[in-house]
Protein chains: 2
Amino acid sequence: MAKEAYIPCLLDIFRRYGYDGATLSKISQATGLGKASLYHYFPHGKDEMVSTVLDFLEKWFQQNILEVLRGQGTVLSRLSQMCEQVIQVYEGGEQPCMCAILLMGSGRDIFHAKVNLLLRTWIDEIARVLQTEGLDQAIAKERAEDALIAIQGALILVQGLNDTTPFLRIMKQLPQQICRSICNI
Amino acid sequence: MAKEAYIPCLLDIFRRYGYDGATLSKISQATGLGKASLYHYFPHGKDEMVSTVLDFLEKWFQQNILEVLRGQGTVLSRLSQMCEQVIQVYEGGEQPCMCAILLMGSGRDIFHAKVNLLLRTWIDEIARVLQTEGLDQAIAKERAEDALIAIQGALILVQGLNDTTPFLRIMKQLPQQICRSICNI
DNA sequence: GTCTATAAAAAGATAGAC
DNA sequence: GTCTATCTTTTTATAGAC
């Protein structure tokens with residue numbers, strides 16, 4: 001069995017318990033693998049598991065977010081496609097964001113650089129899309145930040161309220177919201 | 001020394017390391033108290049420390065957020081005052097939110113009810129303020145949710161970017177944003 | 001109230017059989 | 001590749017002296 005097969009399970013565990021809360025015992029139980037087997041796949045232990053999951057998510061991000069933003073169609077259409085992907089990956093708001101998870105707790109020191117890069121890349125790409133449609137550079141960057149703030153904030157609130165409604169509402173409104181001066185002129 | 005004296009230090013530790021990452025060793029080092037002394041103040045261990053911190057934050061929230069929202073002045077002025085308090089408590093975006101911290105990790109199971117109540121209370125109070133100024137009930141609730149989403153999302157983004165600028169920008173824009181149809185008519 | 005010392009439990013990690 | 005067994009380290013918790 002290839003170690004990639006365990007990524008969905010690992011992702012689930014880390015999102016559920018966080019970096020510090022995801023103990024090897026829990027991971028062992030969830031994957032059905034003994035601790036020794038886990039070290040066979042991931043010689044450097046938990047950190048390597050997180051790294052593997054992050055690499056997977058980065059690839060997913062490249063293929064499903066960046067690709068869509070760089071693709072064909074109007075700005076509005078591209079942002080809508082992005083939002084659909086976002087809804088998918090967070091399972092309609094049921095799942096927290098791995099980036100946020102890693103920023104809370106002692107995993108922060110280890111993985112901050114990767115999370116930082118991913119967030120900046122995302123912001124830059126949204127801003128680029130808005131700019132190509134004539135939006136001022138500074139405004140475009142702020143709008144892109146606003147988009148990520150809305151996504152991350154909605155995911156947090158939804159976790160706290162135990163109700164995904166606000167997340168789905170925000171995702172529905174986001175495309176119009178972000179390119180408002182472009183569409184409304 | 002009363003145990004209340006250690007609350008700021010405990011708050012700092014939990015915000016920095018999260019529930020699972022905040023070990024007794026770290027807490028011992030940060031407070032300058034031996035482990036046995038910690039159990040003298042908090043017989044039930046870490047959970048009681050978190051509970052004490054949460055009680056403190058709840059009181060702060062009552063006195064500095066709810067009080068302001070229920071106070072004198074225009075809607076815009078009250079929301080502005082709220083935002084100033086928010087900037088204070090999160091130290092201009094440097095500090096993460098204790099609610100978000102507790103929602104990520106295994107502390108979630110223990111403290112979710114308290115976090116949930118606090119978030120709902122906050123939303124309800126903002127919505128109430130907007131309603132008294134004639135805003136439709138459903139819209140007011142969505143706007144209140146939007147406010148918390150903006151705050152929480154900005155705090156996450158700022159942690160990821162290591163730059164508090166977006167948080168301060170969001171806080172500056174928030175009052176106008178939230179009561180826009182009231183002010184713009 | 002604070003400490004030292006220590007115990008008990010859990011987590012992280014490895015050796016070696018199959 | 002997976003396991004049992006074991007080991008080390010860390011974490012949690014307590015007893016008892018001062």
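Letters A, B, ... are given to chains in the order of the sequence lines, protein chains preceding strands, and every chain is numbered from 1.
- Taking the 5' to 3' direction, DNA chain C first and last meets chain B under 4.0 angstrom from a heavy atom at C:dG1 to C:dT4.
- At most 12 non-hydrogen atoms from other residues, nucleotides or ligands lie less than 6.0 angstrom from NZ of A:Lys141.
- Under 3.5 Å, the side chains of B:Gln95 and B:Arg16 contain no donor-acceptor pair of N or O atoms.
- For residues 163-177 of chain A, the pairs satisfying salt bridge (Lys or Arg N to Asp or Glu O under 4.0 Å) are A:Arg169-B:Glu142, A:Arg169-B:Glu145, A:Arg169-B:Asp146, with sequence neighbours left out.
- Ring orientation note: the planes of B:Phe167 and B:Tyr90 are nearly perpendicular, at an angle over 60° on the 30°/60° scale.
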>> Within the 4.0 Å limit for protein heavy atoms, which parts of nucleotides 9-15 of chain D are touched? Write it as a string from 5' to 3', B for base, S for sugar-phosphate only, - for none.
In response: --SBBBB
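- Listed by chain and number, the residues in a side chain to side chain donor-acceptor pair (under 3.5 Å) with A:Tyr19 are A:Asp47 (sequence neighbours excluded).
- Atom CD of B:Gln137 has 12 or fewer heavy atoms from other residues, nucleotides or ligands within 6.0 Å.
- By the neighbour-count criterion of 12 heavy atoms within 6.0 Å, atom CD of B:Gln72 is sparsely surrounded, having that number or fewer from other residues, nucleotides or ligands.
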> Where each pair must be Watson-Crick or G-U wobble with both distances under 3.5 Å, what dot-bracket representation of DNA chain D is obtained, with crossing pairs in [ ] and other-strand partners as |?
Replying inline: ||||||||||||||||||
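- Between the side chains of B:Arg108 and A:Gln159, at least one donor N or O sits under 3.5 Å from an acceptor N or O.
- Here A:Gly32 lies in heavy-atom contact (under 4.0 Å) with sugar-phosphate atoms only.
- Taking the side chain as every heavy atom from C-beta outward, B:Thr52 and B:Leu10 never approach each other to under 4.5 Å.
- In A:Gln29, the CD atom is not crowded: 12 or fewer heavy atoms of neighbouring residues, nucleotides or ligands sit closer than 6.0 Å.
- Considering only heavy atoms from C-beta on, A:Arg78 stays 4.5 Å or farther from A:Thr74 through its side chain.
- Looking at heavy atoms from C-beta onward, B:Lys59 lies out of side-chain contact with B:Gln62 at the 4.5 angstrom threshold.
- Within residues 5-16 of chain B, no residue places a heavy atom under 4.0 Å from DNA chain D.
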